[in-house]
Amino acid sequence: MPLLEESLWNSKININGWVAGSAGTQDIVEPATGKVIGALGVASAEDVLRASSAAAKAQVDWAAKKPEERAAVLRKAGLLWEEHAEEINDWLVRESGGIPAKAELETHTAANECYEASALPSLPAGDVLTTNHDRWSFARRRPVGVVSVIAPFNFPLILGIRAVAPALALGNAVLLKPDPRTSVCAGVSIMRIFEEASLPEGLLHLLPGGAEVGAAVVEAPEVRVIAFTGSTAAGRKIGQSAARLLKRAHLELGGNSAMIVLPGADLAKAASAAAFGSFMHQGQICMATGRHIVHQDIYEDYVAALADKAKNLPMGDPKSGTVAIGPVIDGQQLERIDSMVQSAVSGGARLAAGGVRGEGWFYPPTVLADLDPEHDAWKEEIFGPVAPVRSFSTIDEAVEMANASSYGLSVSILGDVGMAMKIADRVDSGKVHINEQTVSDEPNSPFGGVKDSGNGGRIGGAAANMEAFTETQWLTMRPEIAPYPF
């Protein structure tokens with residue numbers, strides 16, 4: 001039987017097994033064609049409370065399991081991602097609108113996320129502390145209990161599994177709320193993988209839904225940590241709720257990442273990196289290159305080279321396997337992208353490529369030059385296949401332009417390494433990539449941003465994952481009861 005056999009999950013959620021969601025069902029729409037390709041069960045706030053209670057009960061026994069038992073489940077999950085990659089890739093292409101290569105990256109990364117997480121149970125779980133008293137003193141790491149994971153639509157599998165896997169490995173239970181638009185490829189698939197990996201029942205619950213469900217998985221009383229990836233606006237609301245409830249929220253939010261192209265940079269290689277950074281997955285990536293800051297000596301040649309790349313990237317249904325650009329996720333996103341582009345052109349920006357929407361939910365790779373720095377197309381996250389370009393004359397000016405953003409997720413610097421190293425020390429960003437574009441992620445690397453891009457590198461790598469999904473407990477021990485003056 002296929003892993004994603006529709007009779008198992010169609011029109012259902014998962015709370016201690018596949019059940020009907022209290023909020024009914026929702027159509028699953030293929031962005032490339034607009035066709036309905038299935039039905040999704042939708043959870044309610046009441047479903048979330050029921051799942052949270054069940055998760056808290058199951059978590060106690062899971063945390064008490066031997067480290068090798070938890071590790072074995074994560075290793076098995078990693079193998080299952082590899083075994084079922086072709087089937088899951090098909091859903092990633094159909095449901096998220098990504099090209100096959102992007103889908104393959106997601107399943108490959110999902111496997112590695114599980115392999116990395118499988119090492120967490122056997123890591124040192126604390127420290128032996130010095131003390132001025134006649135006792136032993138320890139700081140030990142304990143599971144937080146129940147973790148809510150809220151994942152977006154753009155890289156839905158990676159951005160869900162990167163929190164689900166380490167949270168489970170460290171002895172927690174998880175409530176998973178995927179985006180309703182990608183709840184099969186990054187919700188059902190995660191649920192089914194862990195079912196097949198023999199994760200005990202009650203430790204992972206699948207709760208697709210909208211804002212009501214998002215609020216519920218934050219506010220459920222058993223939940224102690226929220227791992228959220230999504231927009232800055234939604235992240236602010238989650239952060240406010242978490243603060244009011246004295247819960248920890250790990251927020252990976254929006255971006256408007258800058259690529260600084262230095263004088264003397266290889267133009268052909270720079271244009272290739274720039275096109276990938278801005279147009280990969282239709283620009284629907286938090287780390288996408290949203291601002292191209294190019295030295296004035298090569299500015300016009302760079303705009304021309306990038307425009308040529310944009311004009312020659314094939315666009316169409318990603319199922320064909322012959323395109324580089326697929327559809328954006330839905331009509332609302334398409335309207336937002338086009339509105340920002342047309343407004344920029346009306347405001348004086350030069351349209352060097354693209355800018356004319358296609359049929360359906362397709363938007364061509366677009367290059368905007370000579371933008372007003374106060375225009376939204378320069379200042380805000382477009383989340384579409386658009387490359388805004390401006391020039392700089394001095395290194396100080398380039399640094400100032402890169403930092404003149406409310407976001408701070410990723411920065412790329414192309415060109416002379418010595419000059420780039422000096423710039424890297426001056427930019428406000430959670431990630432800096434020298435002679436690479438802005439989009440990069442690895443399971444063993446801490447991931448996060450600063451300013452409006454979130455509250456730091458809270459996920460990725462053993463240290464960040466241990467900090468994110470455990471609490472520190474102080475433990476002291478004496479050979480006999482201590483004497484007291486009372």
Side-chain angles (χ1 to χ4, degrees), residues 254-280 282-283 285 287-313 325 334-358 363-407 410-415 419 423 427 429 437-438:
N256 191 12
S257 298
M259 173 179 285
I260 301 173
V261 185
L262 300 174
D266 184 305
L267 196 60
K269 290 182 178 179
S272 175
F276 187 95
S278 283
F279 305 141
M280 169 64 176
Q282 299 74 262
I285 307 174
M287 298 171 282
T289 306
R291 294 175 296 147
H292 298 246
I293 301 171
V294 183
H295 191 265
Q296 60 187 12
D297 289 353
I298 59 172
Y299 177 73
E300 289 298 341
D301 289 339
Y302 179 91
V303 171
L306 182 55
D308 185 63
K309 290 281 186 185
K311 293 172 183 176
N312 287 286
L313 288 172
I325 306 295
L334 181 77
E335 293 294 340
R336 182 178 186 275
I337 295 165
D338 190 52
S339 175
M340 292 183 78
V341 170
Q342 302 312 323
S343 177
V345 173
S346 297
R350 173 165 42 114
L351 186 63
V356 179
R357 57 192 291 178
Y363 203 85
T366 297
V367 178
L368 295 172
D370 311 335
L371 287 90
D372 184 326
E374 294 303 312
H375 196 278
D376 284 350
W378 182 260
K379 292 173 62 178
E380 300 299 327
E381 182 177 41
I382 299 176
F383 226 63
V386 182
V389 192
R390 293 183 61 219
S391 66
F392 72 91
S393 58
T394 68
I395 295 303
D396 286 344
E397 185 183 7
V399 171
E400 182 180 354
M401 290 171 69
N403 287 338
S405 172
S406 60
Y407 299 102
S410 184
V411 166
S412 158
I413 311 169
L414 306 182
M419 192 181 301
I423 293 172
V427 292
S429 178
Q437 44 77 44
T438 54

Peer 1: To the nearest 0.5 Å, how far apart are CH2 in Trp378 and CD1 in Ile293?
Peer 2: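 Result: 5.0 Å between the selected atoms.
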Peer 1: Show the nearest heavy-atom pair for residues Ala310 and Val367, with the distance to one decimal.
Peer 2: CB-CG2, 4.0 Å
Peer 1: What are the two closest non-hydrogen atoms of Ala288 and Ser257, and how far apart are they?
Peer 2: O-CB, 3.5 Å
Peer 1: Does the side chain of His295 reach to within under 4.5 Å of the side chain of Phe392, using non-hydrogen atoms?
Peer 2: yes
Peer 1: Of all the heavy-atom pairs spanning Thr366 and Gly355, show the shortest one and how long it is.
Peer 2: OG1-N, 2.9 Å
Peer 1: Evaluate the side-chain proximity of Ile382 to Pro388: yes if any heavy-atom separation is below 4.5 Å, no if none is.
Peer 2: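 Yes - at least one pair of side-chain heavy atoms lies under 4.5 Å apart.
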Peer 1: Rounded to the nearest 0.5 Å, what separates atom OG in Ser343 from atom CG in Asp338?
Peer 2: 11.0 Å
Peer 1: Ignoring hydrogens and geometry, is there a side-chain-to-backbone donor-acceptor pair from Ser272 to Ala268 under 3.5 Å?
Peer 2: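 No; judged by distance alone, with no hydrogens or angles, the pair does not exist.
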Peer 1: Hey, could you give me the CG/CD1 distance between Asp396 and Ile423, rounded to the nearest 0.5 Å?
Peer 2: 9.5 Å
Peer 1: Set out, in order, the CA-CA distance, both residues' side-chain angles and the distance that settles side-chain hydrogen bond (donor to acceptor under 3.5 Å, both in side chains) for Thr289 and Thr438, then state yes or no.
Peer 2: CA-CA 6 Å; Thr289 306; Thr438 54; 2.7 Å; yes
Peer 1: Could you tell me the separation between the CE atom of Met287 and the CE atom of Met280, rounded to the nearest 0.5 Å?
Peer 2: 9.5 Å
Peer 1: Apply side-chain contact (heavy atoms from CB on, under 4.5 Å) to the pair Tyr299 and Val261, showing each step before the final yes or no.
Peer 2: CA-CA 9 Å; Tyr299 177 73; Val261 185; over 6 Å; no
Peer 1: If you round to the nearest 0.5 Å, how far is CD of Gln437 from OG of Ser410?
Peer 2: 8.0 Å
Peer 1: Is the count of non-hydrogen atoms from other residues, nucleotides or ligands lying under 6.0 Å from Gln296 atom CD greater than 12?
Peer 2: yes
Peer 1: Can you list the steps and then say if Ile337 with Phe383 is a side-chain contact (heavy atoms from CB on, under 4.5 Å)?
Peer 2: CA-CA 7 Å; Ile337 295 165; Phe383 226 63; 5.9 Å; no
Peer 1: With a 4.5 Å limit on heavy-atom distance, are the side chains of Leu414 and Met259 in contact?
Peer 2: yes
Peer 1: Find out whether Tyr363 and Ile325 are in side-chain contact, i.e. whether some heavy atom of one side chain is under 4.5 Å from a heavy atom of the other.
Peer 2: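 No, side chains not in contact.
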Peer 1: With side chains defined as the heavy atoms from C-beta onward, is the minimum distance between Leu351 and Leu368 less than 4.5 Å?
Peer 2: yes
Peer 1: Donor-acceptor pair, distance only, cut-off 3.5 Å: does the side chain of Arg390 make one with the backbone of Met401?
Peer 2: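 Judged by distance alone, no pair lies under 3.5 Å.
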Peer 1: Please test Ile260 against Val399 for side-chain contact (heavy atoms from CB on, under 4.5 Å), starting from the C-alpha separation and ending with a verdict.
Peer 2: CA-CA 9 Å; Ile260 301 173; Val399 171; 5.6 Å; no
Peer 1: Taking all non-hydrogen atoms of both residues, which atom of Lys309 and which atom of Ala275 are closest, and how far apart?
Peer 2: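 It is CB-CB, 4.0 Å.
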Peer 1: Over all heavy atoms of both residues, which pair between Ala271 and Ala305 is shortest? Give the atoms and the distance, please.
Peer 2: CB-CB, 3.8 Å
Peer 1: Indicate yes or no: at least one non-hydrogen side-chain atom of His292 is less than 4.5 angstrom from one of Leu306.
Peer 2: yes
Peer 1: Does any pair with a residue in residues 370-382 pass salt bridge (Lys or Arg N to Asp or Glu O under 4.0 Å), and if so which ones, sequence neighbours excluded?
Peer 2: Arg350-Asp370, Glu374-Lys379
Peer 1: What pair of heavy atoms forms the shortest contact from Ala344 to Ala377, and how long is it?
Peer 2: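 The answer is CB-CB, 3.9 Å.
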